[in-house]
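See below for the structure under consideration.
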Amino acid sequence: MPEEEKHLDTLLTENRTFTPSEAFKARANVNDPNIYERAAADPEAYWAEEAKNITWFRPYNKILKWDPPHAEWFVGGKLNAAYNCVDRHREGSRKNKAALIWEGEPGDSQVLTYDMLGREVDKAAHMLSNLGVKKGDRVAVYLPMIPELPISLLACAKLGAIHTVVFGGFSSKSLQERIVDADAKLVITADAGWRGGKPLPLKANADEAVAGTSVEHVLVVDRVGEQAKAEKNPDRDVSWHELIAKQPSTPFPAEEMDTEDVLYLLYTSGTTGKPKGVTHTTGGYMVGVNNSMRTVFDLKDEDVFFCTADIGWVTGHTYIVYGPLSAGATTVMYEGAPNYPDRDRFWDIVEKYGVTTFYTAPTSIRTFMKWGPEYVEKHNLDSLRLLGTVGEPINPEAWMWFHKYIGKEKAPIVDTWWQTETGCAMIAPLPGITATKPGSATKPVPGISVDVVDHDGHSVEPGNGGSLVITKPWPSMLRTIWGDDERFRNTYFGDFPGIYLPGDGAHKDEDNYVWILGRMDDVINVSGHRIGTAEVESALVSHSSVAESAVIGRSHEVKGQAITAFVTLKEGVTSGDEIIKELKQVVVNQIGAIARPEELVLTNELPKTRSAKIMRRLLRDIAEGRDIGNTTTLADPSVVESLQAAFKR
Ligand code: PRX
């Protein structure tokens with residue numbers, strides 16, 4: 001067995017705990033374990049103390065108004081998120097400090113100091129305002145990972161508009177659904193972005209998406225130029241570059257936002273077909289994300305923070321834009337693929353900019369493992385002092401690899417459990433206090449109360465599993481689902497009144513550490529991205545040849561889960577590779593490449609109970625090659641054998 005494999009093999013049973021080093025502990029922002037008790041004794045007082053790190057234009061008069069399931073935090077307070085992320089740092093010693101370091105995929109780069117970023121945000125806010133965008137309007141942002149992306153978000157925040165970012169990998173149809181649901185007035189996009197050395201077109205999708213909607217203007221950034229060939233619609237399109245050059249250089253006054261004014265919407269998948277517009281408001285979100293930087297990420301003024309997520313997801317919102325900037329840090333963003341031009345791109349960035357804190361997803365770590373340590377070893381990673389993971393449970397092998405090859409057995413790892421809905425990390429170690437166990441996100445952060453409960457909502461004993469719940473309101477929690485408060489109430493608070501249900505299963509060990517087991521609903525976690533089975537199924541059945549479909553997530557070595565679709569065709573349709581290809585493409589066209597099924601299995605029948613419910617669990621067993629036990633509840637037990645044969649093929 002090669003040395004590396006032997007190493008990994010011994011780790012499969014890894015059950016050591018890793019305590020922070022004395023050196024790390026001594027310098028940590030938080031190193032007094034009493035913080036947990038103090039926060040638990042009076043969470044509101046804890047959060048009020050934390051709210052002092054945010055600049056308020058007008059002080060709040062009540063910490064929390066909790067009318068379950070509706071929370072208002074820092075009631076009566078006025079503030080502006082962009083002011084907190086940019087302007088307040090311009091006024092002080094951070095004026096000329098690097099706020100944003102941007103690395104483009106082809107090798108171009110840009111560094112914006114807080115002062116420079118402030119000027120860009122002001123110009124962009126003038127520009128949006130001149131395009132008729134006002135406080136409370138929705139702006140859809142469909143951009144690649146270029147500086148104009150965070151600048152757009154901050155400009156919206158500065159004038160009080162609500163941004164809704166749509167990940168560039170989503171299709172025109174997905175973009176349109178979000179534009180319509182949010183009733184957006186403006187779309188900001190680019191001709192294309194760079195990914196893996198090729199232009200990834202965006203403008204063409206945006207054109208399709210805005211047809212027939214309320215969108216008045218499409219503001220277009222020229223990123224790729226010649227090779228992207230985006231068509232121009234003279235009545236609707238405006239050029240970012242042309243327009244921004246005409247804006248005054250005067251500061252744009254920060255809109256005084258109420259603490260509960262909406263900062264952004266971010267759509268995420270749920271159990272039914274329609275994505276949910278998770279709604280975050282200003283005051284609580286800013287307090288939460290700012291706290292998270294200081295406690296979970298131990299952020300210091302000299303830190304250089306590199307989160308590898310795309311700003312199209314919540315991780316990018318919180319840990320590329322609002323968190324690091326509100327804390328006055330230097331945040332690094334990278335446009336493209338991790339293997340372009342070679343597999344050492346991230347490590348090259350770490351070395352080039354002296355990154356101190358590196359935050360990524362387990363799926364990426366498993367990819368680095370596959371590529372091998374030689375790409376890491378080409379670079380000096382001495383600057384790294386803290387590592388983080390997010391998005392899915394991390395397998396101990398990946399944790400140990402990260403610890404050994406990236407953290408050089410020195411840097412603590414914070415495995416952070418959270419969701420689009422929670423705004424920032426809820427369960428995570430405090431790196432100067434918590435002993436970590438590979439594979440566990442450990443314990444709730446101070447000020448957050450979680451539990452694992454059984455069907456009746458009773459706390460399970462240590463050593464048992466159940467549903468994860470968050471038992472008390474917290475500042476950065478979602479406030480509703482845009483336009484559908486009833487769905488908000490039913491989805492998250494329908495099971496146990498006043499108790500938030502994230503939809504994850506979890507296990508509590510003898511030390512009360514939480515081990516996340518994964519989603520309990522029909523949501524698949526592909527490479528740390530949430531995709532609803534219902535969304536994929538409805539894309540498939542929209543095809544005229546499809547009679548019925550069932551979609552499941554099966555475990556996958558690198559992606560965590562992969563999408564497997566089972567499809568029955570209408571009578572008379574010829575089955576074969578052609579139709580399989582076509583159907584996969586339908587999903588790509590309707591949702592985006594991230595939802596492309598890994599396998600699509602054609603079958604004459606789907607396994608159903610006698611009451612005609614599709615047995616998804618059985619499909620998962622088939623896809624994962626498990627023995628199928630008792631099938632007597634099936635209407636037609638012979639379906640199993642034919643499916644197993646079809647899956648093997
Ligand atoms: O199942 C959990 C998983 O990702 C879901 C949230 O997905 P999303 O809203 O897209 O946000 C992802 C980034 C915050 C959760 O319900 N998840 C997230 N972090 C972890 C995790 N599962 C296990 N461990 C984690 N650290």
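Below, all heavy atoms of this structure are taken into account, side chains as well, without hydrogens, waters or symmetry copies. Each ligand, and each atom within it, is numbered from 1 in the order the structure gives.
- Under a cutoff of 6.0 Å and an axis angle of 45°, Lys437 and Tyr513 form a cation-pi pair.
- When all heavy atoms are compared, the tightest approach of Ile365 to Ala398 is CG2-O, 3.5 Å.
- Of all the listed residues (Val390, Thr318, Asp504), Asp504 holds the heavy atom that lies closest to atom 15 (C) of ligand 1.
- Residue-to-ligand polar distances keep Pro502 apart from ligand 1: every N/O pair is separated by 3.5 Å or more.
- When the options His529, Arg519, Glu392, Arg530 are ranked by their closest heavy atom to atom 22 (N) of ligand 1, first place goes to Glu392.
- Ligand 1 does not have Gly518 within reach: every non-hydrogen atom of the residue lies 4.0 Å or more from it.
- In Glu624, the CD atom is crowded: over 12 heavy atoms of neighbouring residues, nucleotides or ligands sit closer than 6.0 Å.
- The single protein non-hydrogen atom nearest to atom 4 (O) of ligand 1 is Gly391 O, 3.3 Å, given as residue, atom name and distance.
- Judged purely by atom type and a 3.5 angstrom limit, Trp418 has no side-chain atom pairing as donor or acceptor with the backbone of Gly423.
- Looking at Tyr319, Trp418, Trp313, it is Trp418 that brings a heavy atom closest to atom 6 (C) of ligand 1.
- Here is the list of ligand 1 atoms found below 4.0 Å of a heavy atom in Asn525: 3 (C), 4 (O).
- Not one N or O of Thr389 is nearer than 3.5 Å to an N or O of ligand 1, by distance alone.
- Close approach to Thr315 involves these atoms of ligand 1, each under 4.0 Å from a residue heavy atom: 13 (C), 14 (C).
- Ranked by closest heavy atom to atom 12 (C) of ligand 1, the top entry among Gly528, Gly423, Ser269, Gly316 is Gly528.
- If you look at Ile516 next to ligand 1, the close heavy atoms, those under 4.0 Å, all belong to the side chain.
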Original post:
Does the pair Trp399 and His403 meet the rule for a ring pair (Phe, Tyr, Trp, His ring centres under 6.0 Å), with working shown?
Top reply: CA-CA 6 Å; Trp399 197 102; His403 173 68; 5.4 Å; yes
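- For Pro393, the heavy-atom gap to ligand 1 drops under 4.0 angstrom.
- A cation-pi arrangement is not found for Arg345 relative to Tyr334, the charged atom failing to lie both closer than 6.0 Å to the ring centre and inside a 45° cone about the ring normal.
- Every side chain to side chain donor-acceptor pair (under 3.5 Å) that Lys173 has, sequence neighbours left out, goes to Glu177, Gln590.
- The side-chain hydrogen bond (donor to acceptor under 3.5 Å, both in side chains) with Tyr359 is formed by just one residue from the set Thr308, Thr315, Thr416; it is Thr416.
- At a 4.0 Å heavy-atom cut-off, ligand 1 touches Gln419 through backbone and side chain alike.
- Contacts of Thr416 with ligand 1, taken as heavy-atom pairs under 4.0 Å, involve the backbone alone.
- Looking at Thr367, its side chain does come within 3.5 Å of a backbone N or O of Thr363 through a donor-acceptor pair.
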